[in-house]
Number of protein chains: 2
Amino acid sequence: MTVKAQFDHSNCEDCPIRHRAVCARCDADELEELESIKYYRSFEAGQTIIWCGDQMNFVGSVVAGIASLTQTMEDGRTQMVGLLLPSDFVGRPGREAAPYDVQATTDVVMCCFRKKPFEELMATTPHIAHRLLQMTLDELDAAREWMLVLGRKTAREKIASLLSIIARRDASISQKGLTGSIVFDLPLTREAMADYLGLTLETVSRQISALKKEGVITLEGKRHVTIPDLGRLMEEAGDDSDGGFLV
Amino acid sequence: MTVKAQFDHSNCEDCPIRHRAVCARCDADELEELESIKYYRSFEAGQTIIWCGDQMNFVGSVVAGIASLTQTMEDGRTQMVGLLLPSDFVGRPGREAAPYDVQATTDVVMCCFRKKPFEELMATTPHIAHRLLQMTLDELDAAREWMLVLGRKTAREKIASLLSIIARRDASISQKGLTGSIVFDLPLTREAMADYLGLTLETVSRQISALKKEGVITLEGKRHVTIPDLGRLMEEAGDDSDGGFLV
DNA sequence: TGGTTGCTTTGATGGAGATCAAGTGGGAAC
DNA sequence: GTTCCCACTTGATCTCCATCAAAGCAACCA
């Protein structure tokens, strides 16, 4: 087994997969064990990747597309509790059952590792465990920041918060306009946004219309968004943080 | 260094400290290193243990009392994002700054470990890192379950959810009544409950009065609560889960 | 004893967002 | 081209909770 003491991810920029957790390409150079237990799975939009309560026999990272973590009450009320963008990790080493549904919001490609071998690898490779702890702490911070959004922000602020998260997260992938404006396609339906924000889809629609009318955002069609001034949007979100934790 | 491969916490029942993370007494038998870097700190109710953004130079567990994790917006709106009961762990190995305020809700005693030595210990003691990962995953699950409460539950359900958490958490400490009823003292002011639930203190007060009038709970004074039927309360909370993740 | 202070309760009112209900528009299938 | 379907928008109304305001109550102090 050849394991370097430290990961060097300076070359990850070229890696289309960009795993934060276990970059399938980058790490492969360092950990052939990872490579050997790796496989890919595809899911169609709307498909449920993991059902709440199911046995989980793999962990992995989202390579392409968007997946969501969702909790549902008996009467059907649902709350999205996490958004998985490319490079985000899925799975709980050391856990049997999934604590919530994982759904493909768009078409999704995942890079998976069978759980058992991955856990064994983790046990023998301290820095993978350490990396996983760091990532879990990031997720925890994101979840807690989102609790502020859910508990205390107005509908308008909630929308602005979500848009600025996606903008900042997407900005690294999509092009920034010449004037510094950010352009991206909303990867979520109004209903999915509502589920994430603890609102109804009608309220989401109304607030987006309002932001559009006031020039905070521009819409082409229903999904193509331009944000001329991210600072303005973040003010609308009541956002004093750098948003580093979020999603 | 004498480190057993596995922790045996079967004797923790007698341990008043009951650390889930690093039981100061129990682990001391196994890890004298932990003992050597351990110290205690006391905080008065209302005192801020850690300010958001501060350098954190220790990690530790709550030994007695209740602490809360709080986020505050510029305009003063605040949201509690976590409740730390005795045995809960505080701190982010590998992190510099605290992501939110930690406040003593009641008088608090903490068992602390200086961060640097603790991290070094973690690096050389895989199962401590593993234990920390498990705990962080627990916290993440709790945070996400709370997102459902904040996003989708009514005021009444929120109150019932909070009461049943405290009841289940406290039940192991306080006595269960003869009829199976649970008795405990609310460790939070109405305002603190409101901050946790994303409500106003008036709404909290009204909902508690309503639950009392309908016999779901009994109040002696303002804080002493009896829950005659936990099942009933959990129905009120809209709670289908076993609540295993929460707090 | 009376006053202050902090926590809590209760009442009256208003508003943000939910709910119910049409209606729009664009893409795919026929 | 027409039809259907789905995501979305917009309008009307209602309701739950926030807000503002006042008062109750226990502990503590002078």
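Every chain is numbered from 1, with letters handed out A, B, ... down the list of sequences. This is a predicted model, so every value here is computed, not measured. Reckoned from all heavy atoms, side chains included, excluding hydrogens, waters and symmetry mates.
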[X] side-chain N/O to [N] phosphate OP1/OP2 under 4.0 Å:
X	N	answer
A:Thr200	C:dA18	yes
B:Thr189	C:dC7	no
B:Arg206	D:dC17	no

Taking any heavy-atom pair under 4.0 Å as a contact, classify [X]: base, sugar-phosphate, or nothing.
X	result
A:Gly198	sugar-phosphate
B:Arg152	nothing
A:Arg223	sugar-phosphate

Residue [X], side-chain atoms from C-beta onward, closest of [options]:
X	options	result
B:Ser205	D:dT9, C:dT10, C:dG17	C:dT10
A:Arg190	C:dT9, D:dC8, D:dC17	D:dC8
B:Ser209	C:dT8, D:dC17, C:dT10	C:dT10
B:Leu201	C:dT8, C:dA18, D:dT9	C:dT8
A:Lys222	C:dT9, D:dT9, D:dC17	D:dT9
A:Glu202	C:dC20, C:dA12, C:dT8	C:dC20
B:Gln207	D:dC17, D:dA12, D:dC8	D:dC17

- Task: Kindly write out the residues that satisfy side-chain hydrogen bond (donor to acceptor under 3.5 Å, both in side chains) with B:Arg152, not counting sequence neighbours, or none if the list is empty.
- Result: A:Asp195
- Message: Tell me whether B:Glu191 at atom CD has more than 12 heavy atoms from other residues, nucleotides or ligands lying less than 6.0 Å away.
- Response: no
Nearest whole angstrom, please: distance from the [atom2] of [N] to the [atom1] of [X].
X	N	atom1	atom2	value
A:Leu197	C:dA16	CG	P	18 Å
A:Arg156	C:dG17	CZ	P	11 Å
B:Lys153	D:dC17	NZ	P	14 Å
A:Asp195	C:dA18	CG	P	12 Å
A:Ile208	C:dG17	CD1	P	14 Å
A:Leu186	D:dC8	CG	C1'	12 Å
A:Ile159	C:dA16	CD1	P	16 Å

- Taking the inter-plane angle between the rings of A:Phe58 and A:Tyr39 on a 0 to 90° scale, is it parallel (under 30°), tilted (30 to 60°) or perpendicular (over 60°)? perpendicular
- Item | Sidechain-backbone polar pair: B:Thr106 side chain, B:Ile66 backbone, donor-acceptor under 3.5 Å | yes
- Item | Pair B:Arg77 + A:Glu157, salt bridge at N-O below 4.0 Å | yes
